[in-house]
Amino acid sequence: MFRWYFYCFSRYLTFKGRASRAEYWSFTLINIVILFCLALFGGDIDAVLTSGDSIKTLVNPLAGQPELVSAISIINAAYSLLVICPVISVTIRRLHDRDHTGWWIWAQCIPILNVVLLIFLLLGSQRGPNQYGLRAPTSPSDIVPEGYMSPYGYFQAEDPSQHPYNNSNIYQRQPEQSYYRQPAPVQTNNYQNVGEGSVMDEMMKSNENADVQAGIDQGKAQTPAQPASKSSTHRPMGAEESSMVDYLKRLSRKK
């Protein structure tokens with residue numbers, strides 16, 4: 001409670017942001033106790049006797065010390081002036097926490113509206129961000145990033161790196177995504193796509209070696225002006241193929 005008391009004094013002239021119910025009432029109750037004790041020791045509390053006479057109540061040990069009573073009265077007046085600004089600022093922040101404008105603070109001067117103002121101050125914090133801030137600080141050491149309500153309806157922090165919910169990307173605009181389908185990459189007919197050590201890989205490599213030995217360059221296209229000859233389009237037969245052809249010819253002759 002006392003941490004909230006000193007926290008409100010540290011935000012002496014801060015009228016922006018939000019203040020939780022614990023922050024406001026901790027500061028208010030401590031001020032009430034301090035002002036009551038100063039008024040009691042200073043003889044500033046009036047009392048009415050049963051006979052109808054009006055007197056000022058005073059602590060008995062101070063009855064014979066008017067100089068000390070006067071000093072306490074001066075301290076009471078000075079403290080009352082000192083807490084005016086913190087009381088106004090924390091009240092406005094408390095109204096912001098309920099998403100109400102700070103001009104509601106003048107309702108305490110109107111007999112009926114002061115009850116409505118008291119209800120606002122007693123209610124809990126509004127859930128989620130509003131136009132006055134992301135949330136109220138949960139403790140005096142809690143630092144709430146400042147921001148604003150964007151036209152899209154969500155809260156954007158000025159410094160996303162310091163945002164406590166930075167990983168969720170709730171309060172940041174996502175980059176626009178393109179819905180056009182990208183063309184598929186063109187794959188060239190090379191032999192690297194075939195798995196190494198496969199049968200197809202060995203067959204294609206053997207054909208490629210044979211074509212190279214025959215002097216055929218598959219990577220260059222032949223021009224129409226120079227048509228390729230028949231002999232240049234066929235590679236020579238191997239030993240096994242030529243023996244197979246001879247065997248077939250001998251069979252055909254026997255028939």
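Taking CG from Leu35 and CD1 from Ile30, the interatomic distance works out to 12.0 Å, rounded to the nearest 0.5 Å. With values rounded to the nearest 0.5 angstrom, Ile34 atom CD1 is found 12.0 Å from Ile75 atom CD1. Atom CG of Leu122 sits about 4.5 Å away from atom CG of Leu118, to the nearest 0.5 Å. Note that the CZ atom of Phe27 and the CZ atom of Phe6 stand 10.5 Å from one another [nearest 0.5 Å]. Distance check, rounded to the nearest 0.5 Å: OG of Ser89 to CG of Leu13 gives 7.0 Å.
Applying the side-chain contact (heavy atoms from CB on, under 4.5 Å) test to Ser10 and every residue at least two apart in sequence or in another chain returns Tyr7. For Ser26, the side-chain contact (heavy atoms from CB on, under 4.5 Å) criterion is met by Met1, Trp4, not counting sequence neighbours. Applying the side-chain hydrogen bond (donor to acceptor under 3.5 Å, both in side chains) rule to Tyr24 yields no partners; only residues at least two apart in sequence or on another chain are considered. Annotation: side-chain hydrogen bond (donor to acceptor under 3.5 Å, both in side chains) contacts of Tyr12 (sequence neighbours excluded): none. Applying the side-chain contact (heavy atoms from CB on, under 4.5 Å) test to Thr138 and every residue at least two apart in sequence or in another chain returns Arg135, Asp142. Here Asp99 pairs with nothing under the salt bridge (charged side-chain N to carboxylate O under 4.0 Å, His left out) rule; sequence neighbours left out. Take Ile74 and apply the side-chain contact (heavy atoms from CB on, under 4.5 Å) test, not counting sequence neighbours, and it matches no residue. Here Ser20 pairs with nothing under the side-chain hydrogen bond (donor to acceptor under 3.5 Å, both in side chains) rule; sequence neighbours left out. Considering only residues two or more places apart in sequence or on other chains, Ser73 meets the side-chain hydrogen bond (donor to acceptor under 3.5 Å, both in side chains) condition with none of them. Under the ring-ring contact (aromatic ring centres under 6.0 Å, His included) criterion, Phe15 pairs with no residue, sequence neighbours left out.
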Discussion item. side-chain contact (heavy atoms from CB on, under 4.5 Å), that's the test. Do Leu38 and Ile72 meet it? Break it down for me.
Written reply: CA-CA 6 Å; Leu38 291 175; Ile72 295 176; 4.3 Å; yes
Item to complete: Could you go through the salt bridge (charged side-chain N to carboxylate O under 4.0 Å, His left out) check for Arg93 and Glu23 one step at a time?
Response: CA-CA 10 Å; Arg93 295 198 306 271; Glu23 176 184 348; 2.9 Å; yes
Fill in: Chi angles and distances behind the side-chain contact (heavy atoms from CB on, under 4.5 Å) call for Asp97, Tyr132
CA-CA 8 Å; Asp97 192 37; Tyr132 300 105; over 6 Å; no
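As a member of the Ile/Leu/Val/Met/Phe/Trp/Tyr network built from side-chain separations under 4.5 Å, Val33 groups with nothing else and remains a singleton.
Within the 3.5 Å criterion, the main-chain N or O of Arg98 finds no donor-acceptor partner in the side chain of Asn130. The backbone N or O of Pro140 sits nowhere less than 3.5 Å from a side-chain atom of Arg3 that would complete a donor-acceptor pair.
Taking the six-membered ring for Trp and the full ring otherwise, the centers of Phe9 and Tyr5 sit less than 6.0 Å from each other.
One side chain, Asn31 or Tyr79, offers a donor N or O that lies under 3.5 Å from an acceptor on the other.
In terms of heavy-atom proximity, Ile84 sits nearest to Ser80 at CG1-O, 3.2 Å. Annotation for Arg18 and Gln126: closest pair NH2-O, 2.9 Å, computed over non-hydrogen atoms.
The closest side-chain heavy-atom distance from His100 to Phe120 is below 4.5 Å. For the pair Arg11/Pro86, no side-chain contact is recorded, criterion being any heavy-atom separation below 4.5 Å from C-beta on.
Of the candidates Leu123, Val116, Leu117, Leu123 is the only one forming a side chain to side chain contact (heavy atoms under 4.5 Å, CB included) with Ile119.
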Name the atoms and distances for all side-chain donor-acceptor pairs under 3.5 Å in residues 102-113, with sequence neighbours left out.
residue : atom : partner : partner atom : Å
Gln108  : NE2  : Ile105  : O            : 3.3

